[in-house]
Amino acid sequence: MKKPIAVRSLYGHVMHELGQRIVSGKVKPGEILPREETLAESLQVSRTALREALKVLSAKGLIESRTGVGARVLEERYWNQLDADVLAWRCASMPTDDFVDKLVEMREIIEPAAAAAAARRRTAPQLAAIEEAYNAMDAAQTLDEWSHADLLFHDAVLHATGNELMQSLFSVIETALGTFFTLSARNAGNFKYSLPYHQKVLEAIRRKQPEVARKTMQSMIVDSHTNLQRSRSTRSRKKASA
């Protein structure tokens, strides 16, 4: 006999299902979600689990509930864009070009400064963590291995800043960055094409050269974005000629 599914896991499932529908655009801003009874029946869950899921989505800024009206989907400007679930839902629905461009802009603001700070403040164990991640990138045999090691590298650099706010920020945007790294590597002829940039950042941090670390990280981000834009243009031309 199967054990009944806990209400918590049920509302989590419902929350993710509805969240993905909203973030992917399947349910548009301004739309009113079906009545509780109808929605609970279509999702095959209890109204208790549904209500818990709607509370979480409301806290994330995706919906608002009003007595007599129901749950209405809010405009994107009200969403908690740095919420881990919201980022994951955006990534799951394949990042739009606009979203990728905004993520790159955020990286350009944060990561070069982080690399410079890491070069000034890193400890020996923190340097060892960056080097370990770089070696994992160098040894990667698959795209998944590369993307995972790439994420560890940038995480290690942010930890080496000694700034816990930056470290917390990375944990929030980790999902989006992981998707970006995978997209960038997948669209390159050789997914290890950016390894020399990572090596230069590592060496600048090792030698405590903040400006070199800053400029190299900036160049890495720009080059990665250019690679994605080139791939985007190629796809557009192929569609136009098809």
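It should be emphasised that the depicted structure is a prediction, and the values quoted were computed from it without experimental measurement.
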(request) Report yes if some heavy atom in the side chain of M15 is under 4.5 Å from a heavy atom in the side chain of K60; otherwise report no. (result) yes

(message) Apply the hydrophobic cluster definition, ILVMFWY joined by side-chain contacts under 4.5 Å directly or through others, and give me every member besides V222.
(response) none

(request) Find the distance between CD (Q218) and CD1 (I109) and round it off to the nearest 0.5 Å. (result) 10.0 Å

(message) Restricting to side chain to side chain donor-acceptor pair (under 3.5 Å), what partner residues turn up for R72, sequence neighbours left out?
(response) E64

(request) For residues D223 and Y197, report the shortest heavy-atom separation together with the two atoms involved. (result) OD2-CE1, 3.5 Å

(request) Would you mind reporting whether S194 and H198 have side-chain heavy atoms less than 4.5 Å apart? (result) yes

(request) Check the surroundings of atom NZ in K192: do more than 12 heavy atoms from other residues, nucleotides or ligands lie under 6.0 Å from it? (result) yes

(request) Please list, chain by chain and in numerical order, all residues satisfying side chain to side chain contact (heavy atoms under 4.5 Å, CB included) with V104, sequence neighbours excluded. (result) V100, E108, F180, I221, H225

(request) Would you please name every residue forming a salt bridge (charged side-chain N to carboxylate O under 4.0 Å, His left out) with R35, sequence neighbours left out? (result) E37

(request) Just jot down the side chain to side chain donor-acceptor pair (under 3.5 Å) partners of T123, sequence neighbours excluded, or say none. (result) Q126

(request) Decide yes or no on side chain to side chain contact (heavy atoms under 4.5 Å, CB included) for L74 and I22, but give the supporting numbers first. (result) CA-CA 9 Å; L74 294 175; I22 294 169; over 6 Å; no

(request) Apply side chain to side chain contact (heavy atoms under 4.5 Å, CB included) to the pair E111 and V157, showing each step before the final yes or no. (result) CA-CA 9 Å; E111 291 196 82; V157 170; over 6 Å; no

(request) Check side chain to side chain contact (heavy atoms under 4.5 Å, CB included) between E75 and all other residues, then give those that pass, not counting sequence neighbours. (result) P29, R77, Y78

(message) Does this structure show an ion pair linking R90 with E76, if we count only N-O contacts that are shorter than 4.0 Å?
(response) yes

(request) Could you tell me whether K55 and E52 make a salt bridge, using a distance below 4.0 angstrom between a side-chain N and a carboxylate O? (result) yes

(message) Taking side chain to side chain donor-acceptor pair (under 3.5 Å) as the definition, give me every residue that meets it alongside Q20, ordered by chain and number, with sequence neighbours left out.
(response) none

(request) To the nearest 0.5 Å, tell me how far S168 OG sits from E164 CD. (result) 7.0 Å

(request) State, to 0.1 Å, how close W79 and V23 come at their nearest heavy-atom pair, and which atoms those are. (result) CH2-CA, 3.8 Å

(request) Return the set of residues passing salt bridge (charged side-chain N to carboxylate O under 4.0 Å, His left out) with K215 (not counting sequence neighbours), or none when no residue passes. (result) none

(message) Taking P34's backbone N and O only, do any of them form a donor-acceptor pair with T38's side chain (distance below 3.5 Å, no angle check)?
(response) no

(message) Counting neighbours of CD on E211 that are heavy atoms of other residues, nucleotides or ligands and sit closer than 6.0 Å, is the number greater than 12?
(response) yes

(message) Contact between L62 and L18 at the side-chain level, heavy atoms closer than 4.5 Å - yes or no?
(response) no

(request) Check side chain to side chain contact (heavy atoms under 4.5 Å, CB included) between A113 and all other residues, then give those that pass, not counting sequence neighbours. (result) R214

(request) Would you check if the side chain of S24 reaches a backbone N or O of R21 as a donor-acceptor pair within less than 3.5 Å? (result) yes

(message) According to a hydrophobic-cluster definition based on side-chain heavy atoms being under 4.5 Å apart (Ile, Leu, Val, Met, Phe, Trp, Tyr only), do V212 and I110 belong together?
(response) no

(request) Would you mind reporting whether V201 and F153 have side-chain heavy atoms less than 4.5 Å apart? (result) yes

(request) Step through it carefully: locate the ring centre of H154, locate the ring centre of H159, and say whether they are under 6.0 Å apart. (result) no

(message) For the CZ atom of R51 and the OG atom of S58, what is their distance to the nearest 0.5 Å?
(response) 15.0 Å

(request) Grab the two heavy atoms, one from G19 and one from L57, that are nearest each other, plus how far apart they are. (result) CA-CD2, 4.0 Å

(message) Going by the rule salt bridge (charged side-chain N to carboxylate O under 4.0 Å, His left out), which residues pair with R122 if we only count those two or more places apart in sequence or in a different chain?
(response) none

(request) Looking only at non-hydrogen atoms, find the nearest pair between A115 and I205 and report the distance. (result) O-CG1, 4.0 Å

(message) Count I, L, V, M, F, W, Y as connected when their side-chain heavy atoms are under 4.5 Å apart, and connections chain through other members. Are L127 and L152 then in the same cluster?
(response) no

(request) Inspect the contact between E203 and R206 and indicate whether a charged nitrogen and a carboxylate oxygen are less than 4.0 angstrom apart. (result) yes

(message) Please determine whether side chain to side chain contact (heavy atoms under 4.5 Å, CB included) holds for the pair F191 and T142, giving the CA-CA distance in whole Å, both sets of side-chain angles, and the decisive distance to 0.1 Å.
(response) CA-CA 9 Å; F191 64 74; T142 67; 5.6 Å; no

(message) Could you work out, with ring-ring contact (aromatic ring centres under 6.0 Å, His included) as the rule, every residue matching H16, not counting sequence neighbours?
(response) W89

(request) For A114 and T161, work out which heavy atoms get closest and say how close. (result) O-CG2, 3.3 Å

(message) How long is the straight-line distance from CD of E41 back to OG of S46, given to the nearest 0.5 Å?
(response) 13.0 Å

(message) Atom CD of residue position E132 - does it have more than 12 heavy atoms of other residues, nucleotides or ligands inside 6.0 Å?
(response) no

(message) Please list all pairs meeting salt bridge (charged side-chain N to carboxylate O under 4.0 Å, His left out) that have one or both residues in residues 133-155, counting only residues at least two apart or in different chains.
(response) none

(request) Calculate, to the nearest 0.5 Å, the distance between atoms CG and NE2 belonging to L143 and H148 respectively. (result) 13.5 Å

(request) Treating Ile, Leu, Val, Met, Phe, Trp and Tyr as nodes and any side-chain heavy-atom pair under 4.5 angstrom as an edge, say whether L54 and V56 lie in one connected cluster. (result) yes

(request) Heavy atoms only: give me the nearest A213-A116 pair and the separation to one decimal. (result) CB-N, 4.3 Å

